[in-house]
Amino acid sequence: MLSGIQFPRSSAAPYGRSSSHGCLRHSGHQQVEVQTLITPRWLVPVQPMAVLEGHGVAIDNGRITAIVPPDALSSIQAAERIDLPQHVLMPGLVNTHTHAAMSLMRGMADDLPLQTWLEQHIWPTEARFASEAFVHDGTQLAMLEMLRGGTTCFADMYFFPDAVARAVDAAGLRAVVGMILIDFPTAWAADADEYLAKGLAVQDATRDMPLVSTMFAPHAPYTVSDAPLQRVRTLSDELDRPVQMHVHETAFEVQQAQDQSGSRPLARLDALGLLKPGFMAVHMTALTDDEIELCGRRGVSVVHCPESNMKLASGQCRVSDLLAAGVNVALGTDGAASNNDLDMFGEMRSAAMLAKLTQGQATAFSAAEALHAATLGGARALGLDHEIGSIEPGKSADLTAIALDHPATWPVHQPLSQLVYAAGRDQVTDCWIAGQQLLQAGRVQGMDEQQIMERAAQWAERMQEPA
């Protein structure tokens, strides 16, 4: 145990397999066989939020079977033992909101207000190029970036979710794929009926994809009318699927809704019955105290995208006030067209520092709270907290290792602080998803990086051609 980190006494002791804590008891010379044993210098399980030194993580059949204390490591016989002598091992990061295929639009329309960026640049580009091939290739590029940055699960909101699901399934990452819904026609669908029908077909197609699940993804209150939203509410209840939506992204959006209808978007969504557990409100930069309290009562999760909000001057999400009201807070990068990266380490740092600046309190949104939002908070928002988001026995082995023996993070006084305030995604060395190592010593496994990069370059050339 490191100085300054408190770990519950009952959890710090060695455990038996029968213990609810799931650690192994040291039992003399009796050997316990496992498939994989990972032994980092520091372990941050997130639940509880603590730092353990010298512990190991035992994995069998893709799942965490035990957290092994130092005095019991000698009793473990592993087919594969991975020693990480200067690393932190933590849960894989969860990017709770992105538009993966928009990686192909990175940097094409920067330094513009949200509405100008969206209506004059992004939507016209999508009208020209959005296709199954575009989405597949852009998603592959995004997955390369995310995996190299320690992200093992992402929630995607974009067209052609069938292509996203196939790309994810082939690569071996974990994703929640959005069944997109918007009032106007696009290359994916012509009207609300077709959007929902195609989305439900994607839901059926993903049943045989063990790491892919779905969510309903109506775009925003200003682009989806009441009748389709009522159908989403009914279907989400029937199918037990979460719902993710851009909500209160800017003060302009909220004021426009008030001028047109006399009510704020959150009030309208509440009247439609959408504000409930399983609803993820993305951005949420324009909130009153009453709206924060409402989100707490309804069990809504808020997905904070600090860097996109700053870049588009959308506003600041009141994350500390939301947490105080009992609201689950998750983090997302948004798409690479508005960020311009998919770096969850950057989002943690930005979220913590922006909250401190805007509230004038150095204690606002601590490193521990930022790390929780980027892991277990995201998993909880997506309804996956029984599977991922923390290193606990019984959960899937979705793990990320970060090397701290680097000038930017050395010496190490406080590993948790180093993760949030100093470490960069270039220090991620290894990632496992469901026990499969997809990043090994900085090398991506199972994806052809060169081919993916070449296809992305070809798309860029096409996009630069005159319309």
Side-chain angles (χ1 to χ4, degrees), residues 1-15 21-24 34 36-59 64-74 76 78 80-94 149-152 344-345 348-349 352 366-376 388-393 395 397-432 437 439-442:
M1 192 186 313
L2 296 182
S3 174
I5 296 290
Q6 296 302 312
F7 194 68
R9 184 177 300 275
S10 60
S11 298
Y15 314 94
H21 300 289
C23 276
L24 296 171
V34 299
T36 304
L37 178 66
I38 306 173
T39 54
R41 179 168 176 181
W42 301 283
L43 177 66
V44 179
V46 171
Q47 182 61 39
M49 186 62 71
V51 177
L52 301 176
E53 191 162 359
H55 287 59
V57 176
I59 300 169
I64 299 163
T65 59
I67 297 174
V68 187
D71 65 350
L73 288 173
S74 61
I76 305 298
E80 178 187 35
R81 179 162 178 156
I82 300 169
D83 295 317
L84 300 170
Q86 300 296 346
H87 293 64
V88 171
L89 186 69
M90 58 177 276
L93 293 164
V94 180
T151 294
T152 57
M344 285 293 290
F345 281 92
M348 284 194 288
R349 185 177 301 115
S366 66
E369 288 170 331
L371 182 61
H372 185 280
T375 52
L376 191 55
I388 62 170
S390 59
I391 301 177
E392 297 181 77
K395 285 194 173 185
D398 288 24
L399 308 168
T400 289
I402 304 96
L404 295 188
D405 55 343
H406 184 285
T409 49
W410 199 262
V412 180
H413 297 289
Q414 185 56 275
L416 201 154
S417 291
Q418 298 295 69
L419 285 176
V420 175
Y421 296 128
R425 59 178 171 174
D426 59 311
Q427 293 170 246
V428 173
T429 60
D430 302 87
C431 289
W432 295 260
Q437 191 166 11
L439 185 70
Q440 185 174 23

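Just so it is clear, the model here is predicted, and its values are computed rather than measured.
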Item to check | Inter-residue atom distance R349.CZ - L419.CG, 0.5 Å rounding | outcome: 10.0 Å
Item to check | Nearest heavy atoms of A370 and V420, plus distance in Å | outcome: CB-CG1, 4.2 Å
Checklist entry - Quick one: which of V57, T375, L89, I391 gives a side-chain contact (heavy atoms from CB on, under 4.5 Å) with P45? => result I391
Checklist entry - Could you state the interatomic distance from CG (L439) to OG1 (T151), rounded to the nearest 0.5 Å? => result 11.5 Å
Next on the checklist: On a heavy-atom basis, which atom in M344 and which in A374 lie closest, and how many Å separate them?
Outcome noted: CE-CB, 3.9 Å
Checklist outcome for this item: Applied to residues 412-426, the salt bridge (Lys or Arg N to Asp or Glu O under 4.0 Å) test, sequence neighbours excluded, yields E145-R425, D343-R425
Checklist entry - With no hydrogens and no angle check, is any side-chain donor or acceptor of Q418 less than 3.5 Å from a backbone partner on V412? => result no
Checklist outcome for this item: Residue set satisfying side chain to side chain donor-acceptor pair (under 3.5 Å) with Q437, at least two apart, ordered chain then number -> D430
Checklist entry - Roughly how far, to the nearest 0.5 Å, is the CG atom of L404 from the CH2 atom of W42? => result 5.0 Å
Checklist entry - E369: what forms a salt bridge (charged side-chain N to carboxylate O under 4.0 Å, His left out) with it, not counting sequence neighbours? => result none
Item to check | Residue pair K395, I388: steps toward the side-chain contact (heavy atoms from CB on, under 4.5 Å) verdict | outcome: CA-CA 6 Å; K395 285 194 173 185; I388 62 170; 5.9 Å; no
Checklist entry - Which residues satisfy the side chain to side chain contact (heavy atoms under 4.5 Å, CB included) test with T36, sequence neighbours excluded? => result I38, I59, E80, I82
Next on the checklist: To check you understand the geometry: which heavy-atom pair defines the closest contact between A66 and P393, and what is its length?
Outcome noted: CA-CG, 4.1 Å
Checklist entry - Nearest 0.5 Å, what's the CD-CD distance between E392 and Q47? => result 5.5 Å
Next on the checklist: When you measure from the side chain of T400 to the backbone of G150, do you find a donor-acceptor pair of N or O atoms at a distance under 3.5 Å?
Outcome noted: yes
Next on the checklist: Using every non-hydrogen atom in the two residues, find where T152 and W432 come nearest and quote the distance to one decimal.
Outcome noted: CG2-O, 3.9 Å
Checklist entry - Nearest heavy-atom pair of A367 and S417: which atoms, and what distance? => result CB-CA, 4.4 Å
Item to check | Within residues 83-93 or reaching into it, pairs that qualify as side chain to side chain donor-acceptor pair (under 3.5 Å) - sequence neighbours excluded | outcome: T39-D83, R41-Q86, R81-D83, H87-T429
Item to check | Side-chain donor/acceptor of H55 to backbone N/O of E53, under 3.5 Å | outcome: yes
Item to check | Residue pair S366 / Y421: nearest heavy atoms and the distance that separates them | outcome: C-OH, 4.0 Å
Checklist entry - From I64 CD1 over to D398 CG, what is the distance, rounded to the nearest 0.5 angstrom? => result 8.0 Å
